[in-house]
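As structure tokens, the structure follows; a few thoughts come after it.
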Amino acid sequence: MECVVQGIIETQHVEALEILLQGLCGVHKERLRMHELCLKSGPNLGHVPSEVRLLCDLEQPEPTWTVKHVGGAMRGAGADQISVLVRTMVESKASKNVLRLFYALGYKLDHELLRVGFAFHFKRGARITVRVSSVNKMLKLHATDEAVPVTPGIQMVEVTSPATSENYSEVVAAMSSFCEYLAPLLHLSKPGVSTGVVPTAAAAAASLMSDGGGTTL
């Protein structure tokens, strides 16, 4: 399982967010350049449509591939009362022939994206990953060098953490506590729940840029 929240931030405030994250996480950022292909199953693969994501990490000297399947979200009164989405997830490393394999199985390309930005991986009550990236679309098939922003001036922020059915409540608590530190710059919520940009972002960013984040932290 994994716990996840998302939000958006104006590109002009991303540097301030990076300063804040650097202070909170205490680790160096990693550059992010991920080619994401979303595949959907054809009619010959069962009555229930299946969707998988193929992730190609272009930051590696030799691009590496990962297969990811995101399952259903946890439901019930308990799930409705928390601000973090808890969902099932299966992820596996794959060879460079993985796209050809899924095409042979009958999957079709639905869409593809290129995410460019940075990520922080750290432990703060749970293993947490924060990714900040611009989401770009390809004008031609697989033409990552010609990708253009889907929403110019806006970047996506995603916070995730692995969890199990036994410890997800502790992971949710750790993520919620961490996200409170980011509240002046952006609001993080369950995927699909759009909250827009935060009115306090400009003032918070100005404060962070002026003192390098010392006051906030």
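Note that the coordinates shown come from a computational prediction; the quantities given were computed from them, not determined experimentally.
- Look at Glu2 and Lys68 and you find a salt bridge, because one of the NZ, NE, NH1 or NH2 atoms lies within 4.0 Å of a carboxylate O, short of that distance.
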Self-check item: Step-by-step side chain to side chain contact (heavy atoms under 4.5 Å, CB included) determination, Glu112 to Leu54
Solution: CA-CA 9 Å; Glu112 57 180 337; Leu54 303 185; over 6 Å; no
Practice problem: Mind running side chain to side chain contact (heavy atoms under 4.5 Å, CB included) on Ile19 and Met209 for me, showing each step along the way? | Solution: CA-CA 8 Å; Ile19 290 173; Met209 295 299 290; 3.7 Å; yes
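- When all heavy atoms of Met1 and Thr164 are compared, the pair lying nearest together is SD-C, 3.7 Å.
- The closest donor-acceptor contact from the side chain of Glu51 to the backbone of His69 lies at 3.5 Å or more, if one exists at all.
- For the atom pair CG of Asp57 and CZ of Arg115, the computed distance is 13.5 Å after rounding to the nearest 0.5 Å.
- By the side chain to side chain donor-acceptor pair (under 3.5 Å) test, Ser134 pairs with Asn136, sequence neighbours left out.
- Taking the six-membered ring for Trp and thresholds of 30 and 60 degrees, Phe122 and Phe178 have ring planes inclined between 30 and 60 degrees apart.
- Separating the NE2 atom in His35 from the CH2 atom in Trp65 is a distance of 6.5 Å, to the nearest 0.5 Å.
- The two residues Leu37 and His142 have their closest heavy-atom pair at CD2-CE1, 3.6 Å.
- No continuous path of hydrophobic side-chain contacts links Leu188 to Leu85 [ILVMFWY only; heavy atoms under 4.5 Å].
- Side-chain contact between Leu99 and Leu109: absent, with no pair of heavy atoms (C-beta onward) separated by less than 4.5 Å.
- Ser176 and Val84 make their closest contact through OG-CG2, 3.8 Å (heavy atoms, listed as atom of the first residue, atom of the second, distance).
- Remark: the backbone N or O of Ala203 is not paired with any side-chain donor or acceptor of Ser207 at under 3.5 angstrom.
- Under a cut-off of 6.0 angstrom, the local environment of CZ in Phe120 is crowded, with over 12 non-hydrogen atoms contributed by other residues, nucleotides or ligands.
- Residues Arg87 and Gly71 approach most closely at CB-O, 4.1 Å, considering heavy atoms.
- Shortest non-hydrogen contact noted between Val171 and Ala163 is CG2-CB, 4.0 Å.
- Remark: Arg53 CZ to Met89 CE distance equals 10.0 Å, nearest 0.5 Å.
- A chain of hydrophobic side-chain contacts below 4.5 Å, direct or via other Ile, Leu, Val, Met, Phe, Trp or Tyr residues, connects Val14 to Tyr181.
- Annotation: the span from Lys96 atom NZ to Leu101 atom CG amounts to 15.0 Å, rounded to 0.5 Å.
- Hydrophobic clustering, with ILVMFWY side chains joined whenever heavy atoms are under 4.5 angstrom apart, keeps Val90 apart from Met74.
- Counted within 6.0 Å of CD on Glu91, heavy atoms from surrounding residues, nucleotides or ligands total more than 12; the atom is thus considered enclosed.
- Taking CG of Leu32 as the start and CG of Leu114 as the end, the distance is 9.0 Å to the nearest 0.5 Å.
- Leu55 is not connected to Phe102 by any chain of hydrophobic side-chain contacts under 4.5 Å among Ile, Leu, Val, Met, Phe, Trp and Tyr, and they are in different clusters.
- Not a single donor-acceptor pair under 3.5 Å links the side chain of Thr129 to the backbone N or O of Thr160.
- Considering CD1 of Ile154 and CD of Glu10, their distance stands at 5.0 Å, rounded to 0.5 Å.
- For the residue pair Ser83 and Lys190, the shortest heavy atom distance occurs at O-CG, 3.4 Å.
- Residues Val150 and Ile8 are members of separate hydrophobic clusters, defined by side-chain heavy-atom contacts under 4.5 angstrom among Ile, Leu, Val, Met, Phe, Trp and Tyr.
- Contact annotation: the side chain of Leu208 approaches that of Leu185 to within less than 4.5 Å [non-hydrogen atoms, C-beta and beyond].
- For the pair Leu21/Leu182, a side-chain contact is recorded, criterion being any heavy-atom separation below 4.5 Å from C-beta on.
- Side-chain contact check for Lys108 versus Lys40: every heavy-atom pair is 4.5 Å or farther apart.
- In this structure, Glu18 and Val132 have side chains that are not in contact, with every pair of non-hydrogen atoms separated by 4.5 Å or more.
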